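In what follows, every chain begins at residue 1, and chains take the letters A, B, ... in the order their sequences are listed. Keep in mind it's a predicted model, so treat the numbers as computed, not measured.
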2 protein chains.
Amino acid sequence: MDSKHPAGRLPEPPNPIADDGDETHFCGTCAFSSACIAAGYNKPELAQLQCLVEHVGPFRAGEHIFRTGDPFRAIFAVRSGTVKTRMVDKEGREQVLGFYLPGEVIGLNAIYPEHFPCDAVALDTSFFCRFSFPAMSALASRIPAVQKHLFRLLSKELGSASLLAGDHSADERMAAFLMDLAGRYAARGFSATRFHLSMSRGDIANYLRLAAETVSRVLSRFRSQNLIRIEGRELELLNPDALRQLGQALLPD
Amino acid sequence: MDSKHPAGRLPEPPNPIADDGDETHFCGTCAFSSACIAAGYNKPELAQLQCLVEHVGPFRAGEHIFRTGDPFRAIFAVRSGTVKTRMVDKEGREQVLGFYLPGEVIGLNAIYPEHFPCDAVALDTSFFCRFSFPAMSALASRIPAVQKHLFRLLSKELGSASLLAGDHSADERMAAFLMDLAGRYAARGFSATRFHLSMSRGDIANYLRLAAETVSRVLSRFRSQNLIRIEGRELELLNPDALRQLGQALLPD
DNA sequence: CCGGCGGGTTGATCCGGATCAAGGCGGGCG
DNA sequence: CGCCCGCCTTGATCCGGATCAACCCGCCGG
């Protein structure tokens, strides 16, 4: 299940995606890019970066990257695929905390408790960069740019957590959700108007605190209003401006 | 309004609380305690700590500690009093993001955007320790314990932000809110069963995504069930176990 | 002294979205 | 092939909490 992986990056064992020739482009769009560049690309600290980062994967849909209660040792940057984080209370009810796209980082909320407070589950076949946190901290102490980068990552996640605060209508929440995804895809160099929803309607509903039926209805209504085109999980935003307008109370700025 | 304050701490100008003889006890319970201790109490880096931290206040109820859009230069630890943070959207609707008690830290969500993304408003007469963030970062680079402490603070706040995610009944949310406050007061050395609610019913309602009337009704019901005693804003928890039970779906563990 | 006002409580009514129910579609497997 | 199962959609009904409304209380200013 949790596939172990040789640490070095030189031979790069059977790994169809992590190695598909777009390495530099990926690193250029990853949330860690400036940290990696500061740490490794110029100076001869490259060697340390290599023992710091480890490529792991693949994880297939439904597999856990980490589980609630696992001891915290590393954070993960998504290289490809999609992840949901979720908490499960003792009655077995699930609460989806967030979705993470390529270039984004999971595990930051485990620093304080020193154990992961939630599960991370792959929604797609996914690959990751695994950053040993002790090594990362040590590096941050010596390279201010890395430290600054970590602070910013943490702070950024704080900001997005307060996005879904507030009581808003189902339409507002759905519109904001779609525009948020669009913005995040755009930030990583993907299309902002056509993308695949890796998560089920049920996951979206849970994340937005709605019923799955409501998600379905709202999407149908958006379609009938020509705001979107949607077939299964393939989505096209036909009127991003109108959607942004709808979700403005939830969106940054 | 935003009272300027001489930076040194030697003469300590008219400032009835920051200087009331309980300095060491306060610092012992503050969220920064280990950072301050690591930074200053042993080594002769005390001098740097002094230029790092500045006592500010008083702010009276309704005054702003910072405002949305202010450039980010410092974070603040509450010395005494209570603060709410809130966002106001362009239609003028307020969203309360959190309440901060003595010993807790505000402003962390401003690191990434480099401008405060929300207002901080005093609910009581309040005093603060103001920590220059550039100085703090520099110190963190040299003292790993300080860096670790900052990472933990950020990560902790991430965890509490996901507390109010999830859709739960008004009763669950209110019970969890009261037990959360109780736990935080206890962590700072105050009574966990009797305390003052510095915020209005409207602020509580807004924070919990309820109507003020609902908050009032739920509190009345809790009183009639002998879960609490409440007169105005003075609160006593008569049956903390039952309240914890009620709010368990929202509470850590 | 009075009047206004913000905050709090309580009752009556309404509505958005949850829940219940039924059926469609597609993919994996015996 | 045919069945089952997970996911999705759509319709009907129900309910928790929002909203509207009335009133109380304490405080402040004139």
A:Asp167: partners by salt bridge (charged side-chain N to carboxylate O under 4.0 Å, His left out), with sequence neighbours left out: none

Over all strands shown, is B:Arg233 touching base, sugar-phosphate only, or nothing at heavy-atom distances under 4.0 angstrom? sugar-phosphate

Axis bend over the full length of the helix from C:dC1-D:dG30 to C:dG30-D:dC1, computed from five pairs that close each end, to 10 degrees: 30°

Could you work out, with salt bridge (charged side-chain N to carboxylate O under 4.0 Å, His left out) as the rule, every residue matching A:Arg217, not counting sequence neighbours? none

Quick test of your reading of the model: are B:Glu94 and B:Lys84 salt-bridged, counting only N-O distances below 4.0 Å? yes

Enter the distance from A:Leu250:CG to A:Ser169:OG here, rounded to the nearest 0.5 Å. 8.5 Å

Shorter than 3.5 Å, N or O on both sides, protein versus nucleotides 15-18 of chain D: list them out with atom names.
{"unit_1": "D:dG17", "atom_1": "OP1", "unit_2": "B:Ala170", "atom_2": "N", "d": "2.7"}
{"unit_1": "D:dA18", "atom_1": "OP1", "unit_2": "B:Arg209", "atom_2": "O", "d": "3.4"}
{"unit_1": "D:dA18", "atom_1": "OP1", "unit_2": "B:Ala211", "atom_2": "N", "d": "3.2"}
{"unit_1": "D:dA18", "atom_1": "OP2", "unit_2": "B:Ala211", "atom_2": "N", "d": "3.0"}
{"unit_1": "D:dA18", "atom_1": "OP2", "unit_2": "B:Thr214", "atom_2": "OG1", "d": "2.4"}

Checking B:Leu235 against B:Leu178 for the side chain to side chain contact (heavy atoms under 4.5 Å, CB included) test, could you report, in this order, the C-alpha distance in whole Å, the side-chain angles of both residues, the deciding distance, and whether it holds? CA-CA 9 Å; B:Leu235 177 71; B:Leu178 296 179; 3.7 Å; yes

To the nearest angstrom, the CG-C1' distance between A:Leu219 and D:dC7 comes to 14 Å

Give a yes or no on whether a salt bridge exists between A:Arg86 and A:Asp119, defined as a side-chain N under 4.0 angstrom from a carboxylate O. yes

Within this structure, what is the CG-to-P distance between B:Asn206 and D:dT19, rounded to whole angstrom? 12 Å

Gap between atoms CZ and P, on A:Arg223 and D:dC8 respectively (whole Å): 13 Å

Of B:Val83, B:Asp203, B:Leu197, the one forming a side-chain contact (heavy atoms from CB on, under 4.5 Å) with B:Leu123 is B:Asp203

Validation row, ring centre A:Phe128 to ring centre A:Phe59 under 6.0 Å: yes

Within residues 194-205 of chain B: residues closer than 4.0 Å to DNA chain C (heavy atoms): B:Ser200, B:Arg201, B:Gly202

Euclidean distance, B:Cys129 SG relative to B:Phe131 CZ, rounded to 0.5 Å: 5.0 Å

What is the distance from CZ of A:Arg221 to C1' of D:dG11, rounded to the nearest Å? 15 Å

Under the salt bridge (charged side-chain N to carboxylate O under 4.0 Å, His left out) rule, collect the residues that match up with A:Glu236, sequence neighbours excluded. A:Arg194, A:Arg229

Interatomic distance where CD1 belongs to B:Ile230 and P belongs to C:dT10 [whole Å]: 11 Å

Just say parallel, tilted or perpendicular for the rings of B:Tyr185 and B:Phe195, cut-offs at 30° and 60°. tilted

